[in-house]
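Structure record follows, encoded as C-alpha cells.
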Number of protein chains: 2
Amino acid sequence: MTRQTSQARDRGIPEATVARLPVYLRALNGLAERGIATVSSEDLAASAGVNSAKLRKDLSHLGSYGTRGVGYDVDYLIYQISRELGLTQDWAVAIVGVGNLGRALANYGGFASRGFRIASLLDADPEVVGDRIAGLTVEHIDKLESVIRERDVSIVVIATPATSAQEVCERVTRAGITSILNFAPVVLTVPDGVDVRKVDLSIELQILAFHEQRKAVGAAGGPGGSAQVGPGIGPGAGNEWAEAVEA
Amino acid sequence: MTRQTSQARDRGIPEATVARLPVYLRALNGLAERGIATVSSEDLAASAGVNSAKLRKDLSHLGSYGTRGVGYDVDYLIYQISRELGLTQDWAVAIVGVGNLGRALANYGGFASRGFRIASLLDADPEVVGDRIAGLTVEHIDKLESVIRERDVSIVVIATPATSAQEVCERVTRAGITSILNFAPVVLTVPDGVDVRKVDLSIELQILAFHEQRKAVGAAGGPGGSAQVGPGIGPGAGNEWAEAVEA
DNA sequence: TTCTGTGAAACTCTTCACAGCA
DNA sequence: TGCTGTGAAGAGTTTCACAGAA
C-alpha cells in the first residue's frame, strides 16, 4: 500500500497544502505581470496571505525549487505549481443549471486562463434551453450523458435548485464523472472514489455571523470569557480576539 | 495556561465545528419539514454527511442537548444551533458589485430564511445604478458609507472585479465593518479584528483538477476503492475557498 | 550574509471506544 | 437496552528555530 511513483519523491501532498497552491499561483501570476522575476518566501507569503514558514513547508512538498539566499524564480515556480495541480492540461467542464448562478459561472473569466474549458451549459427548463450565454447555446438536460461522453467532460458543476441536485449527481456519476463542484444547498451522496466539493453561500454568511456575534458579546462579556487565543493578553486590555482570516 | 476543564460554559467552540453547524442546521430543517421530532446522532450525521462521533463531539461543544438512549429533539436542537450561530437576530447585508454574481447573490433565496436581509446593492457603473433587482434599487457606490451607517449594515459582500476589491474593503472597514465575504479573486488586506472569508470558484476547480489528475495517474492498478471523499467541510477548507466574477 | 528547507515541538481536529444515563 | 457525551489515542497541520546552501 505504500506508494511509490515514477519519481523518487513522495507524491503525498497534504490536503491543506493543495488547497493553498492555487492561492500561491494567483499571487505568483500577479508578480509575473509586474515583471518581478524572483521572490522570497517572505514576500510571496505576504502576497498570498499566509506566513512564510507555512509557505516554505508547502513548497517543500513539491520539491526544492528555491535558491537559498535568493528566493524562488517566479516563472519556474508558476510552472511547477501549475503542473502539480494539473493545470497544464485542458479540462472540459459542464455546468448543469443555468439560473442566475449558472450564468455568473458561465461568464466568469477565470476559467479559461487556468485550463478549464466550459464544454456545455445544460438546463431542464425549455424557456432557457436555446439561450446563448457566454458563446454557448444552452442544451437540454436530456443530453447530459451524451455531452459528457462525446466532449470528454471530466468535471461537472451543479448549479441547480436543491431538489434536482442529487438526481443530476447520480446521472453524472453513472456516466463516469468523479469530480463534482456542488453549489446546491444539499449534501450529495456519491459512490466511493467520487470527489465532491461544496460551495455554499449561506454557510459562509452563517460563519461570519457567528464571529460577528461573538465580537459583540465578548466586548461586554464578563471576566470568564477570555478568548482561546494567546495567553498573552491579560484581562482588562483589549477583549476582542483578533482573527483576521487573511493577513 | 489556564484551562476550564468543565466543558459546561467554555465558549471556545472550535473553528471546524463552527463551520459544520450550518450543515447540521440544514439537515435538521429538512427533518423538521418531514415531521421528524427526534433524531439519533447516527441518523443526523448521515443526513449531514459526517460521521456520528464527529457530530456528537461537535454538539457537545454547545452543551448537553441530547438524551441518552433516545437522541436529539429536532426543534430544540435547531433552536440551540441557531442561537449559537447568531441566526436568531437580523443581519443587514450590503452587496457591493452588481455583476452576474452580485445579481445571483441578490436573488439567492437562502439568505432571508436564515436571518440575513439584503439592505443594499451598490455598484459604480452608472449603467447599473437604478436597476431594480430582487426588489431593491441598485445604489451608487458613493453611498456606501451612509448606507452602512444608516441601515446598520454589519456584513458586506464584495462581488466586484479584483481591481476594486481592496479599495471597497478599505472603505467598509473604515466605516466600521468587521465581517466581509469576498468573492473577488484577490487576497484582501485588513486590520486586525476584521474577519474575511473568501469564496473562490476557480480555486475549488483547481483542487478538483488536482485530485482528478491524481486518479488518472495513480489509479492504474492502484489500491482498491480510492475512497477519499474530499468534501464535507474540510479543516483547511474552513478558510480557503473559491471565488467568482472577474472582468 | 541571506534565505531556503526541514526536523521537532506545539497545536488542532478526528476517530475510537466505552462509561454512564434514560 | 440504546444512545449520548467524552477521555484518550491518533492523524493532520502549523509554527518554531536553525542547519546549511548560495
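No hydrogens, no waters, no symmetry mates; every other heavy atom, side chains included, goes into these values. Here the structure is a predicted model, which means the values were calculated and not measured. So you know, we letter chains A, B, ... as the sequences are listed, proteins then strands, and number each from 1.
Between A/D58 atom CG and D/dT14 atom C1' the separation is 10 Å, expressed in whole Å. A/K54 has its NZ atom 17 Å from the C1' atom of C/dT6, to the nearest Å. Between A/E42 atom CD and C/dT4 atom P there is a gap of 8 Å when expressed in whole angstrom units. Rounded to an integer number of Å, the gap from B/R56 CZ to C/dT14 C1' is 13 Å. Rounded to an integer number of Å, the gap from CG of A/L59 to P of C/dG5 is 7 Å. When rounded to the nearest whole Å, the span between CD of A/E15 and C1' of D/dT14 equals 16 Å. For the pair B/D73 CG and D/dT4 P, the computed distance is 13 Å after rounding to whole Å. If you measure from atom CG of A/L44 to atom P of C/dG5, you get 12 Å, rounded to the nearest angstrom.
In this model, the phosphate group of C/dC3 is not approached by any side-chain N or O of A/Y65 to a distance below 4.0 Å at OP1 or OP2. Residue A/S41 has a polar side-chain atom (N or O) positioned under 4.0 Å from OP1 or OP2 of C/dT4. Between A/Y72 and the phosphate of C/dG5, there is a side-chain N or O to OP1/OP2 separation shorter than 4.0 Å.
Closest to the B/A16 side chain, of the nucleotides C/dC13, D/dG5, D/dA17, is C/dC13. The side chain of B/S60 lies closest to D/dG5, out of D/dG5, D/dA22, D/dT15. Among D/dA21, D/dG5, C/dT15, the nucleotide with an atom closest to any side-chain atom of B/A53 is C/dT15.
A donor and an acceptor atom, one from each side chain of A/S179 and B/E212, are located under 3.5 Å apart. Counted by atom type alone, B/R83 and B/T88 present zero donor-acceptor pairs between their side chains at under 3.5 Å.
Taking for each of A/G69 and B/R68 the nucleotide of DNA chain D with the nearest heavy atom, the 5'-most of the two is the partner of B/R68. Comparing A/N51 and B/K57 by the nucleotide of DNA chain D whose heavy atom lies nearest to each, the residue mapping closer to the 5' end is B/K57.
One finds a salt bridge joining B/E84 and A/R214 here, because a Lys/Arg side-chain nitrogen approaches an Asp/Glu carboxylate oxygen to under 4.0 Å.
Not a single donor-acceptor pair under 3.5 Å links the side chain of B/S64 to the backbone N or O of B/S60. Side-chain atoms of A/S82 come within 3.5 Å of backbone N or O of A/I78 as a donor-acceptor pair.
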